[in-house]
Amino acid sequence: MIEIAPSILSADFAYLGEAIHSVESECSWIHVDVMDGHFVPNLTIGAPVVASVRRHTKNYLDCHLMITDPWDYLGDFAKAGADSVSFHFEVGRTFELIKMAHDLGMKAGLAVNPDARFEDYSQYIPHLDLLLVMSVFPGFAGQSFIPAVLDSLRRAKELVAASGANIILEIDGGISLETIGASRLSGADVFVAGSAVFGKPDPAQAIRDLKQAATRASERLK
Ligand code: DX5
Ligand code: ZN
């Protein structure tokens, strides 16, 4: 599986519908970066925007919750039409959140910061639908990719392969034509891209180029 998940954080919020329609032919996911000004030093959007976006696209809405208290909001995201919610390992209560997401009919993702130790979160991986490995410290689009996270991604890939379960590995932060190949070689299936898609004059073409770079890397794996 190779999927580009364009992050609307880099789109023009005043033209969100148009931004999504401009990429829909090239991808089946949309990544939504929810920030609360506490877990990360930035404020973005929440469930009401997800509900609006839901009315305009059938794409899989992959909601990345960079918030301190996700347990208070999962119900709102479910009602808004989120397909998956990824809460952060750093906020705790992981098993409870996985169960809550599933009970609400959503896929459960765990996001891990670049400094999270694989040994500390690997126990959760078999219970997840997706693992979101952060390749920047969350908070802002347009940061530089941290290559050290590729080691955790490789280890996660081995664990997922050994378990035989269908757990998606997603990488988020600093994905570009330069970094997507190494991310694919380390085991990522879904690549979040903000500035490398919506920061380009032709976002649809940017997705095609990213997909092609990831596919080329996969071919090297054969
Ligand atoms: C960072 C967000 C990312 C970000 C990606 O806190 O979680 O999803 O928007 O943007 P780029 O691709 O520009 O690093
Ligand atoms: Zn994100």
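Every value quoted in this text rests on a predicted model; they were computed, and no experiment measured them.
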Measure the shortest side-chain to side-chain distance between [X] and [Y] over non-hydrogen atoms and say whether it is less than 4.5 angstrom.
X	Y	value
P114	M134	yes
L110	S86	no
L131	I168	no
V32	I8	yes
V23	I30	yes
I4	I180	yes
D151	R154	yes

Strictly by side-chain hydrogen bond (donor to acceptor under 3.5 Å, both in side chains), give each pair with a member in residues 67-81 just once, sequence neighbours left out. D36-T68

Kindly compute the distance separating [atom1] ([X]) from [atom2] ([Y]), expressed to the nearest 0.5 Å.
X	Y	atom1	atom2	answer
L153	S186	CG	OG	5.5 Å
E178	S183	CD	OG	11.5 Å
S152	L159	OG	CG	12.0 Å

Considering non-hydrogen atoms only, spot the tightest contact between [X] and [Y] and give its length.
X	Y	result
Q123	H127	O-CD2, 3.5 Å
G139	N42	O-ND2, 2.8 Å
A11	A19	CB-CB, 3.8 Å
G92	L97	O-CD1, 3.5 Å
K200	A206	CG-CB, 3.9 Å
A108	A101	CB-CB, 4.0 Å

Are [Y] and [X] linked, directly or through intermediate hydrophobic residues, by side-chain heavy-atom contacts shorter than 4.5 Å (ILVMFWY only)?
X	Y	result
L132	I45	no
Y121	V85	yes
V133	I125	yes
V112	I98	yes
I171	L177	yes

With sequence neighbours left out, what residues match Y124 under ring pair (Phe, Tyr, Trp, His ring centres under 6.0 Å)?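 With sequence neighbours excluded, Y124 shows a ring pair (Phe, Tyr, Trp, His ring centres under 6.0 Å) to F95, given in chain and number order.
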
The criterion is side-chain hydrogen bond (donor to acceptor under 3.5 Å, both in side chains); which residues satisfy it with [X], sequence neighbours excluded?
X	result
Q212	R216
N59	none
S218	R184

Restricting to pairs with a member in residues 25-49, which pass ring-ring contact (aromatic ring centres under 6.0 Å, His included), not counting sequence neighbours? W29-Y60, H31-H64, F39-H88

Tell me the ring-ring contact (aromatic ring centres under 6.0 Å, His included) pairs involving residues 128-165, sequence neighbours left out? none

Output every pair passing salt bridge (charged side-chain N to carboxylate O under 4.0 Å, His left out) with a member in [range], not counting sequence neighbours, ordered by first then second residue.
range	result
residues 81-99	R54-D83, R93-E96, K99-D103
residues 113-132	R117-D120, E119-R155
residues 12-29	E26-R208

Counting only heavy atoms from other residues, nucleotides and ligands, does the tally under 6.0 Å from [atom1] of [X] exceed 12?
X	atom1	answer
Y15	OH	no
K107	NZ	no
K157	NZ	yes

Tell me, please, which residues at least two apart from T215 pass side chain to side chain contact (heavy atoms under 4.5 Å, CB included). I2, E219

By side chain to side chain contact (heavy atoms under 4.5 Å, CB included) - contacts of V40 (at least two apart): M35, M66, P138

L61 and V50: CA distance, side-chain angles, deciding distance, side-chain contact (heavy atoms from CB on, under 4.5 Å) verdict: CA-CA 8 Å; L61 295 181; V50 173; 4.1 Å; yes

Verify, without hydrogens or angle tests, whether [X] (side chain) and [Y] (backbone) share a donor-acceptor contact under 3.5 angstrom.
X	Y	answer
D189	L169	yes
D202	Q205	yes
E170	F191	no
S135	G173	yes
T44	D33	yes

Please lay out, stage by stage, how S7 and V197 fare under the test side-chain contact (heavy atoms from CB on, under 4.5 Å). CA-CA 8 Å; S7 163; V197 171; over 6 Å; no

Show your reasoning for whether side-chain contact (heavy atoms from CB on, under 4.5 Å) applies to V34 and F77. CA-CA 11 Å; V34 177; F77 282 96; 3.8 Å; yes

Kindly indicate, with the supporting measurements, whether the criterion side-chain contact (heavy atoms from CB on, under 4.5 Å) is fulfilled by S144 and I146. CA-CA 6 Å; S144 300; I146 301 171; over 6 Å; no

